[in-house]
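Letters A, B, ... are given to chains in the order of the sequence lines, protein chains preceding strands, and every chain is numbered from 1. Values reported hereafter were calculated over all heavy atoms of this structure, with side chains retained and with hydrogens, waters and symmetry mates removed. All of these numbers come straight from a predicted model, not from anything done at the bench.
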Amino acid sequence: MASERYNPKTVESKWRQVWDEKKLFETKNDDPGEKYYVLEMFAYPSGRIHMGHVRNYAMGDVVARYKRAKGFNVLHPMGWDAFGMPAENAAMKNKVHPKEWTYQNIATMREQLKSMGLSIDWSREFATCDVEYYHRQQMLFVDFMAKGLVGRRVSKVNWDPEDQTVLANEQVIDGRGWRSGALVEQRELAQWIFKITNYNQDLLDSLDDLKDWPEKVRLMQKNWIGKSVGLELSFNLTQSLGNISTIETFTTRPDTLAGASFIGIAPEHPIAKQLAQTNQELSDFCVDVRRMGTTAEELETAEKRGFDTGLKVQHPLYPDQTLSVWVANFILMDYGTGAVFGCPAHDQRDYDFAIKYELPIIATFEALDEGTKSEENTAFLPPKSEKVRWINQPTGLDIATGEEAITKTIAWAEENNIGKAKEQFRLRDWGISRQRYWGCPIPVIHCEDCGEVPVPKSDMPVILPEDVDFDKPGNPLDRHPTWRHVDCPACGKKATRETDTMDTFVDSSWYFARFTAPREDNPTDPKVANDWLAVDQYIGGIEHAILHLLYSRFFSRAMCETGHLNVKEPFKGLFTQGMVVHETYKNSEGWITPAEIKIEEEDGKRVATLLEDGSPIIIGNIEKMSKSKKNVVDPDDIIESYGADTARFFMLSDSPPERDVIWTESGVEGTHRFVQRVWRLLSEAHQNMKNITAKPGAKGKALDISIAAHKTVKSIGEDLENLSFNKAVARLYELLNTLANPLTQIGQGKADVELTQATIDAVEKFILMFAPMMPHLAEECWVLLDKKDMVATTKWPDFEESLVTENELTMPVQINGKKKADITVSADASKDDIISATLSLDVVKKFLDGQEPKKIIVVPKRIVNVVI
RNA sequence: GCGGGCAUGGCGGAAUCGGUAGACGCAAGGGACUUAAAAUCCCUCGGCCUUAGGCUGUCCGGGUUCGAGUCCCGGUGCCCGCACCA
């Protein structure tokens, strides 16, 4: 019987329509079922979806559909991270309004995502640039402000004088603006900040509880928060400078104090600033060293530069000695106190500096015997150092180990009132001001009399004006004729609006909470949000391992403090998926897209030629799909030619989900063959399957099929719980290989009744198991089996323990650890039974050659090892 | 510099607790069907050898163990994160 090829195009759109009409994936907040919240990081509406999206959302959809089949009330929403610079760049380049550009992109990408057949509750969709959303974000802002979580800080920014805008560090290339090419200036600008550092200890400690996060991400966050404990130590100036008489330093190595040879202060340090007022040379120096770039390479190669201020401080251990105070380019004002004591014998930077400016190098470990010197502490011991001192002598302390040296020195400093123990964090407060148009307006009004006044909630939302132009550089909100001019809400006097907008990371820091009640007047309905949160499974790229996740963790805490939420950690489970990568192709003209070439095998080598004229193409490295390398594959094309199920299934096959997956044409074809094979086998068999009446029990081959199906249910269940999609896919291939022959027989009308009934059960399980990955195909196959309900509403198959546990098993027999034979024994065979079965084997007899074995190791159900 | 990870056939990868290494897929080779092609089906597929069977094999060198891809020590190579952070 000839069967038609499966046509995904017509089948897939049909089922999507059915799901849609039945509103199968709309989730109710009052559903009594146990909740499960699965979320993929929402998308930036850049224009079109790419394969990375397909992978991300395919994974999330498998989880959503699987959990739904397991009986959970699943929340699986989608939205758009829609504010941000690209919209403004497009506006400048193409004369299109950012709003129009953004919403058009959203419309395109929504349709693309829908063509994937994702089980998303689209009724909860929103974009962060919707007034309804940023209105609530402004409410959160003023609530945070009222709780003291918002601050204002003057900080240094990269200022592009031509574009009249602030640039991020990454946008400064060789000291020039990436767009304008103008020399970037350092400007001090008042910025709005969120006080994330209020929570630094809690953000650090709670990482230990995030057991379902990748260890790697927790570590990255831990390092980012960067707690270090040390000593804040004060040095007395020999002559006070105005009202400054001491210099505060921070060190994690107070035990090296005896080796201190100079004081280094940052160019922005108050002392440096004060001296610079009367010292032109110093002033020039400070400006000059800060012109330096901030990229890794520049820092790597940057030489240490210093300026001797002429000031001296007293050495706390040796009161008759003084240390000179230098302004040094490698000291950072915003870490610690902006001042250090340099100990060249034990620090590479201090050493480089001391060599250059001929400062003393004094080692400090004389008192420790060789055994207790730790490696890292002795890096620059003699002969490089000039003198050797040890902190025990001047302090009278009795210190034997490096560990003790730190704690005892801190205690000594505290007793003598020259310093105190200090916890230092690397984490800084979060500057959220952006001098841009396409973002959430900061709801504050500047009044000459009242200062910074939050916009009352009754006056919200502060709506972005739409009548703006992008002809000139800078922030259009600043140039708008009327928008910024308002009356002060407190005193009624004429005042001006804040024209900065919020960092787009703010928008993405609480969207997961908004999804729980997206049309609520308040930012959240706390009862509903607390029921849904935390997100049980969050899935997204590793690139958000630090900032987005940290900011979201801050926001949850801040929302708890302001009564919007009662869940501190927003993401219970986190999964970071790998990228989609592809071969690159090029010739002398440049990069070539995969669609333009042909690859053939010649003498075992793959040779690429240009389709157009057969000219040779170089096959380059496998790299992340990117427009610049032209190695992108458009999801639309794939879905058009193979269908969404094939695209989804391929994205989940082969590579473990946390690793990169290589997109190959042959791989996709292989996946598509599987789709067609499933359809062909089932459609050939379906007429005869319907005629078979159920008969209980199974033996022989039918039993084998049952066992295979039940085992697969067990293992795929485990695989999906662990998000090991690639393993689940392999199990599905295996099961189909087992089912293929019986199905062919049924198709030919050859099978006996008993065999086919077991097969039908197995086939049903098979369909239900691939359904989360290939939902359209599953529904269509379900119809073939004459099912009246839908796969999408059918529960996940069960397995019978008795069928999964073998009652007879084959154990390998090793002799001296090398496998020599197999024995088949019943599962409850005793050790003695197994041993006698083993000893009766011919191979074993041959090896023993009449001798007694030294030992026989029997691991029940696993292995037998005969030691001779 | 600091911190972390990885290394298995031609390729992607399995091996969940230290117990049969290479599941499953891709690529390749051979065969069947066909006038032919596509599609499909069957077989082979780590290496070496006298092909029943044997030896060898998970980056390299040691070690622990009856038994190591898996654990420990020491290397090599690649990848990632952070970084004048005191």
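Under a 4.0 Å N-O distance rule, the pair Lys819(A)/Asp822(A) qualifies as a salt bridge.
Between Phe649(A) and Phe674(A), the angle of the ring planes stays under 30°, which puts this pair in the parallel group of the 30/60° scheme. Relative ring orientation between Phe285(A) and Phe307(A) is described as tilted, the plane-to-plane angle lying within the 30° to 60° band.
Lys624(A) has no side-chain polar atom (N or O) that falls below the 4.0 Å cut-off from OP1 or OP2 of C80(B). For Arg349(A) and C85(B), the shortest distance from a side-chain N or O to OP1 or OP2 is below 4.0 Å. Contact annotation: Arg673(A) side-chain N/O to C41(B) OP1/OP2 distance is not under 4.0 Å. For A86(B), the OP1/OP2 oxygens have a side-chain nitrogen or oxygen of Tyr335(A) closer than 4.0 Å. Here Lys727(A) reaches the OP1 or OP2 of A15(B): one of its side-chain N or O atoms lies under 4.0 Å away. At C84(B), none of the side-chain N or O atoms of Asn329(A) fall inside 4.0 Å of OP1 or OP2 (strictly under the cut-off). In this structure, Lys855(A) reaches the C66(B) phosphate: one of its side-chain N or O atoms is under 4.0 Å from OP1 or OP2. Contact annotation: Arg862(A) does not reach the phosphate of C17(B) (side-chain N/O to OP1 or OP2, under 4.0 Å).
Base orientation of G13(B): anti (glycosidic angle beyond 90° from 0). In textbook terms, a nucleotide whose glycosidic angle is within 90° of 0 is syn, while C11(B), being further out, is anti.
If you check every strand for non-hydrogen atoms under 4.0 Å, Leu332(A) touches a base. Nucleic acid contact class of Asn737(A) (heavy atoms, under 4.0 Å, all strands): sugar-phosphate only. Counting non-hydrogen atoms under 4.0 angstrom, Ser653(A) reaches nothing in the nucleic acid. Among the atoms of the strands shown, none is found under 4.0 Å from any heavy atom of Lys227(A).
In the model, Arg553(A) has a side-chain atom that pairs as donor or acceptor with a side-chain atom of Gln221(A) under 3.5 Å.
Nucleotide U51(B) has no partner under the Watson-Crick or G-U criteria, as no pair reaches both atom distances under 3.5 Å. Under the Watson-Crick or G-U wobble criterion, with both distances below 3.5 Å, C84(B) is left unpaired in every strand shown. Remark: C59(B) base-pairs with G75(B); criterion is Watson-Crick or G-U wobble with both hydrogen-bond distances under 3.5 Å. Applying the Watson-Crick and G-U wobble criteria (two distances, each under 3.5 Å), A36(B) pairs with nothing in any strand. Remark: G22(B) base-pairs with no nucleotide in the shown strands. Criterion, Watson-Crick or G-U wobble with two distances under 3.5 Å.
Across the protein-nucleic acid pair, Asp350(A) atom CG and G1(B) atom C1' stand 14 Å apart, rounded to whole Å. Rounding to whole angstrom units, CD of residue Gln221(A) and P of G81(B) are separated by 15 Å. When the P atom of U65(B) is taken as reference, atom NZ of Lys854(A) falls 14 Å away, rounded to whole Å.
Heavy-atom distances to RNA chain B give each of Glu718(A) and Thr664(A) a nearest nucleotide, and the one nearer the 5′ end belongs to Glu718(A). In this structure, Gly336(A) and Val867(A) both approach RNA chain B, and ranking their closest nucleotides by distance from the 5' end singles out Val867(A).
Side-chain atoms of Ile863(A) lie closest to U20(B) of the nucleotides U20(B), A27(B), A23(B). Proximity note for Arg428(A) (side chain, C-beta onward) versus A86(B), C85(B), C24(B): the nearest is C85(B). Considering only the side chain of Arg659(A), G13(B) comes nearest among G13(B), A86(B), G12(B). Listed candidates were A86(B), G81(B), C84(B). Nearest to the side chain of Ser228(A) is A86(B).
Annotation: Phe262(A) is in aromatic contact with Phe353(A) [ring centroid separation under 6.0 Å].
Separating the P atom of G19(B) from that of G67(B) is a span of 14 Å, rounded to the nearest Å. Remark: the separation of the P atoms in G62(B) and C42(B) is 46 Å, to the nearest Å. Only the C1' atoms considered, C45(B) is 24 Å distant from C59(B), to the nearest whole Å.
Put simply, the side chain of Arg218(A) reaches to within 4.5 Å of the side chain of Leu210(A), judged on heavy atoms.
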Asn200(A)/Arg426(A) under side chain to side chain donor-acceptor pair (under 3.5 Å): CA gap, chis, key distance, verdict: CA-CA 9 Å; Asn200(A) 49 24; Arg426(A) 210 189 74 103; over 6 Å; no
